[in-house]
Every structure is written in C-alpha cells, then in structure tokens.
There are 2 protein chains.
Amino acid sequence: MRADAQKNYDTIVATATLVFTEKGMDAPLDEIATRADVGPGTLYRHFPTREDLIDAVIKSWIAQIEAAAHDAVLSDSPAREVLLSWFAEYVARISRNKGGPSKFTSAMSNPQSPIFSKCEVLREANERVLDRFRVEGVIRADIDSLEVCRIIGGVAMVADQTGLDELTTASMLGVVIDGLLTT
Amino acid sequence: MRADAQKNYDTIVATATLVFTEKGMDAPLDEIATRADVGPGTLYRHFPTREDLIDAVIKSWIAQIEAAAHDAVLSDSPAREVLLSWFAEYVARISRNKGGPSKFTSAMSNPQSPIFSKCEVLREANERVLDRFRVEGVIRADIDSLEVCRIIGGVAMVADQTGLDELTTASMLGVVIDGLLTT
DNA sequence: TTGCTAAACGGAGAATGACTCCGTATACTG
DNA sequence: CAGTATACGGAGTCATTCTCCGTTTAGCAA
C-alpha cells in the first residue's frame, strides 16, 4: 500500500474508534471522514461497508476474549460463578460501543458479513467454555454454542437499547445460566 | 373530527397495516402517505411520530394477548408446557411485523413512548401468568415480570433480526423457561 | 342556498446520511 | 526527473424524515 494510503487508513481507524465510542456504531460515516480530514470517497474506498470499518476497529478484541475464555476454562470456582463472569465479559465486549450487540449477534449468523470471522472467535471461545462444563456434566448437552451466543446476544441487545446497568444485566444472565445448568 | 379527516385517518392506518406487514415497522412513512393518497403533511399531522402510527395499527392486539394469558393461567398442563406456549404467543405477537420486537421491548422501559401503555398490557398479562406459577411455587420469585419480558424480548429480537424459525426460537425459550422454573 | 371560517390538506423543500463518480494530485519506479 | 499507477476528495445523487404555509373544503349559521 502506498504510504499516503496507509496513513489515511490508520487515521480513519483511529477516528472511527473515537467516534464509535462517542456516538455508537451507527454514527454517520461522513462525520468520521470529516474528522479524519479525508473525503467520503477515501473512507469508502478503504472500507466499502460500515462493517469493514468495524472489523478494523475491533482488531484488538481477540486476545482479550481468548484470555477471558481461557480463565473460564481453568477456573475452579463454582460453575455458576464462572459462567456469570464469562458471559458478563462476553456482553461487555460486544456492548463496548452502543449498537454493538445487535451488529455482532446478527453477523454471527451471516457468513457473508465482514465481521463474521470475528464473531466466530467469540462463538468458538464460548464453545470451549461450554465444552468444559459439558464434560463435567453440569450443563445441558442439547444446545450448542451458537444458540447460547444468540441468547446472550439477545440479553445484550436489550441491555444496550434500554441502557440497563450491569446489575440488571447480570440478573438476566443468571436466569439464562440456571437454564443451562443441569444441577 | 371532521369527516374528511376521519376518512384520511382510517385510510392511513389501513395502509400502514399493509406496508408494515410487507416491509416491517421501519418502512418509509412517506411510502405509506403516498400509497394512502395523502400528503406527508397529513400523515404527520395525524401521527406525529412513527410510534403513534404503530399504536394505531396494533389496537386489536389487546384482546388476543389477554386471551392467551387467560388460557395460560387456567391451563392444567405442565408448567413448562404452558409457559412455552405463552412465551411463544408473546414472541409471535411482537414479531408479527419485522422490527417489532425491538420497538416493543424498548418502549416497555420508556413511559414517554406512545406505545408504552400497549407494552404495559403485555407486561401485566405476563405478570398474571407468572403470578399463577409463583403461587404454585414452581418458578423463582426473585425476578419480576418486566425482567422476564426483557429476556423474552431479547430472544424475539435475535430471532427477528436473524430470521430464525419457530423451532429454534422455541429451543431458546426452553432455556429461559428452565432458568425460571425451580423444579 | 349561500357565505363564512375553522379545520384540514398536500406538496415543495430543508436537513440528514449513505454512497458514487471522476477530474486532479502525488507517491513510487526506473 | 519523467511517467504512470495509485490514491485523493468533494461535488453530487438518492433515500428518508419532517416542516411550513398557501390553498382547499366541510360544516354551520343566516
């Protein structure tokens, strides 16, 4: 990539990170272009769709998600506690920016989406956590990771749209967890 | 109201019902105006916000919801079965038009919304169903009707956005129900 | 019937946001 | 340093929301 193109690319991603934090993931793309001091054309050339831009913005997620899942797999705290903390991390991650839960939970069922591979990281991390507890026989076996991601994503969507606090969200997650546990 | 105004009002509601069914609850309002053969000004005078129009379109819901809740309260089938059928009805009702689950579940937490009172009908119907099972001691007591509506609404949102079929939706509802049951 | 007036109409157009097209500018290469 | 592929950028189109205000008309009273 040409040097000026690389510079613009980086500036746009940095600006998008900022604007998404301020206004959510549905923020006007033209505003991002303006604040990054590039024309709309430049933004759209680098990122044909909003999701391409989101994909670039969330690059850093993977390590953090993997770490949280790793902790959940190894932790020897009670299953309910471990799952609550893992799901809370999951929700926090996709809810970092307003509008996030809806975007990610939709993309998870759409292999064509530019952020599908990121969603797969989420789903697979969740699968490792669930597998651990399936082996231990403490959670039901008749429901797969994708379905669990959808339910948790649903809770995150409501919390995001309604502006619910973490306590209320945790309470809802508690119901879902009890529905997953066999004990 | 003047006769011509009443006629336009009725035409707009009928057209909106049609267009919402075809294109979902986020359909362009100007299209509704055009197809109802009125100017945008007329539509917006009768219905200042999209939600005012939605409110008029869903007038007929109440009776059906009340009936389903009534059945759930009186049914002597197993709790799990009754709840599944009640929640499925709940989801079907708010999902009749694309975009519905999001609108209703948001409005439920916003007393200023023009459709808040309709949402209250939903929430109260759900409360009566839950109360029956609380009395019987088969569901947990530490979670109120609003929170349950939010969880079910979350499931409905995901199903709506992702285009999930009833079977998958029912499976997710099953998890939530198991999380509510104490048995 | 006619004339008056409050009520209602409707469409032009402003505001916002997504997205494109293409003439211009410039980074690299030889 | 000249040539060219690469990239830029902003004017402009399209879609959608929503308003303003000049025009029309329903309903009523004389």
Side-chain angles (χ1 to χ4, degrees), chain A residues 1-57 97-100 102-103 106-107 110 112-115, chain B residues 1-16 18-57 97-100 102-103 106-107 110 112-115 161:
Chain A
M1 196 185 315
R2 237 169 69 172
D4 56 343
Q6 182 69 57
K7 182 178 139 285
N8 277 333
Y9 182 100
D10 293 341
T11 308
I12 290 169
V13 173
T15 307
T17 304
L18 198 66
V19 175
F20 283 163
T21 302
E22 284 174 17
K23 305 201 167 181
M25 285 189 159
D26 292 313
L29 294 182
D30 282 16
E31 175 178 341
I32 295 175
T34 304
R35 286 174 58 174
D37 271 313
V38 300
T42 301
L43 187 148
Y44 282 97
R45 192 166 345 92
H46 285 298
F47 307 100
T49 72
R50 177 183 295 272
E51 291 198 335
D52 287 301
L53 183 51
I54 291 175
D55 184 58
V57 164
N97 303 119
K98 197 163 166 308
S102 168
K103 290 255 158 25
S106 292
N110 174 22
Q112 260 63 56
S113 166
I115 56 174
Chain B
M1 197 185 316
R2 237 168 70 172
D4 56 344
Q6 181 69 56
K7 182 178 140 287
N8 278 333
Y9 182 101
D10 293 341
T11 308
I12 290 169
V13 172
T15 307
L18 198 66
V19 175
F20 282 163
T21 301
E22 282 175 19
K23 305 204 167 180
M25 284 188 160
D26 293 312
L29 294 182
D30 280 18
E31 177 178 341
I32 296 173
T34 304
R35 286 174 58 175
D37 270 312
V38 300
T42 301
L43 187 150
Y44 283 97
R45 193 169 343 94
H46 284 299
F47 307 99
T49 73
R50 179 183 293 273
E51 292 198 335
D52 286 302
L53 183 51
I54 291 176
D55 184 58
V57 165
N97 303 118
K98 197 163 166 306
S102 168
K103 290 255 155 27
S106 293
N110 173 22
Q112 261 63 57
S113 166
I115 56 175
Q161 283 194 8

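So you know, we letter chains A, B, ... as the sequences are listed, proteins then strands, and number each from 1.
- Counting only heavy atoms from C-beta outward, the side chains of B:Thr42 and B:Arg45 approach each other to under 4.5 Å.
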(Q) salt bridge (charged side-chain N to carboxylate O under 4.0 Å, His left out) for A:Lys103 and A:Asp26? Distances and angles first, verdict last. (A) CA-CA 10 Å; A:Lys103 290 255 158 25; A:Asp26 292 313; 2.6 Å; yes

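- Taking the six-membered ring where tryptophan is involved, the planes of A:Tyr9 and A:Phe47 are tilted, since the angle between them lies from 30° to 60°.
- The interatomic distance linking A:Leu53 (CG) with C:dG17 (P) rounds to 16 Å, in whole Å.
- Summarising the geometry, the separation between OH on A:Tyr9 and C1' on D:dC8 is reported as 18 Å, rounded to the nearest angstrom.
- Taking atom CD1 of residue B:Ile32 and atom P of nucleotide D:dA15, one finds them 17 Å apart after rounding to whole Å.
- Side-chain nitrogen and oxygen atoms of B:Asn8 include at least one within less than 4.0 Å of the OP1 or OP2 phosphate oxygen of C:dC9.
- Taking atom CZ of residue B:Arg45 and atom P of nucleotide D:dG22, one finds them 16 Å apart after rounding to whole Å.
- Two residues are said to be in side-chain contact when any heavy atoms from C-beta on lie closer than 4.5 Å; A:Leu53 and A:Tyr44 fail this criterion.
- Looking at the side chain of B:Arg2, the nearest of the listed nucleotides C:dA7, C:dA27, D:dA7 is C:dA7.
- Residue B:Gln6 contributes atom CD, which lies 14 Å from atom C1' of D:dA26 at whole-angstrom precision.
- Distance CG (A:Asp37) to P (D:dG9): 8 Å, rounded to an integer number of Å.
- Here the side chains of A:Ile32 and A:Phe20 are in contact, with some heavy-atom distance below 4.5 Å.
- At a cut-off of 3.5 Å, with distance as the only test, a side-chain donor of B:Asp52 or B:Thr49 sits close to an acceptor on the other residue.
- For A:Asp4, taking side-chain heavy atoms from C-beta onward, the closest of the listed nucleotides C:dC9, D:dA7, D:dG27 is D:dA7.
- Both B:Ala3 and A:Thr42 lie close to DNA chain D; mapped to their nearest nucleotides by heavy-atom distance, the more 5′-ward contact belongs to A:Thr42.
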Are there any protein N/O atoms within less than 3.5 Å of an N/O atom in nucleotides 18-20 of chain C, and if so, which ones and at what distance?
unit_1	atom_1	unit_2	atom_2	d
C:dA18	OP1	A:Arg50	NH2	2.6
C:dA18	OP2	A:Leu29	N	2.9
C:dC19	N4	A:Asp30	OD2	3.3

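- For the pair A:Val38/A:Ile12, a side-chain contact is recorded, criterion being any heavy-atom separation below 4.5 Å from C-beta on.
- The shortest distance between the side-chain N/O atoms of A:His46 and the OP1/OP2 oxygens of D:dA7 is not below 4.0 Å.
- Residue A:Ile12 contributes atom CD1, which lies 12 Å from atom P of D:dA7 at whole-angstrom precision.
- In this structure, the CE atom of A:Met1 is 8 Å from the P atom of D:dA7, given to the nearest Å.
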